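Please read the structure below before turning to the comments.
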Amino acid sequence: MKLRIVVTLKNGVLDPQGKAIQHALGSLGFDGVSDVRAGKIFELTVADGTSDEAIDEMCHKLLANTVIENYRVERI
């Protein structure tokens, strides 16, 4: 089973990487980008039958810092 884990910063958390990308886009002439939020994606192949609880545990223990980040799991 393939999973995609999308990790993003929670609203209200400063995102210096997103701001740098926004600034760079403006420098490249892409005006009109009013905000950029950066994140990360993990693609995992796990055994069929891996429980939602085990996937959540992976996210909480390693893939996301749940103090400042949200995550969502997509089955692909």
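Here the structure is a predicted model, which means the values were calculated and not measured. By convention here, the first residue in the shown sequence is residue 1.
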Backbone N/O of Thr66 and side chain of Lys10: donor-acceptor pair under 3.5 Å: yes
Side chain Gln22, main chain Val33, donor-acceptor under 3.5 Å: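 Checking the backbone N and O of Val33 against the side chain of Gln22, a donor-acceptor pair under 3.5 Å is found.
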Leu14 atom CG, over 12 foreign heavy atoms within 6.0 Å: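 Check fails, neighbour count at 12 or below.
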Distance from [X] atom [atom1] to [Y] atom [atom2], nearest 0.5 Å?
| X | Y | atom1 | atom2 | answer |
| --- | --- | --- | --- | --- |
| Ile5 | Ile41 | CD1 | CD1 | 10.5 Å |
| Thr8 | Glu69 | OG1 | CD | 8.0 Å |
| Asp48 | Thr45 | CG | OG1 | 10.5 Å |

Test of understanding: with side-chain hydrogen bond (donor to acceptor under 3.5 Å, both in side chains), list the residues that count as partners of [X], not counting sequence neighbours.
| X | answer |
| --- | --- |
| Glu57 | Lys61 |
| Asp52 | Arg75 |
| Arg37 | none |

Listed once per pair and sorted, the ring-ring contact (aromatic ring centres under 6.0 Å, His included) pairs that draw on residues 49-76, sequence neighbours left out: His60-Tyr71
Sequence neighbours excluded - ring-ring contact (aromatic ring centres under 6.0 Å, His included) pairs with any residue from residues 17-53: none
Shortest non-hydrogen contact between Ile21 and Ala38, atoms and distance: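 Minimum heavy-atom contact is CD1-CB, 4.4 Å.
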Distance-minimising heavy-atom pair for Thr50 and Met1: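 Scanning both residues completely, I find the closest heavy atoms to be O-CE, 3.8 Å.
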Audit row: Leu63, Leu44, side chain to side chain contact (heavy atoms under 4.5 Å, CB included) steps and yes/no: CA-CA 11 Å; Leu63 302 177; Leu44 284 68; 4.3 Å; yes
Partner set under side chain to side chain contact (heavy atoms under 4.5 Å, CB included) for Arg72, not counting sequence neighbours: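 Result, side chain to side chain contact (heavy atoms under 4.5 Å, CB included) vs Arg72: Val6, Glu74.
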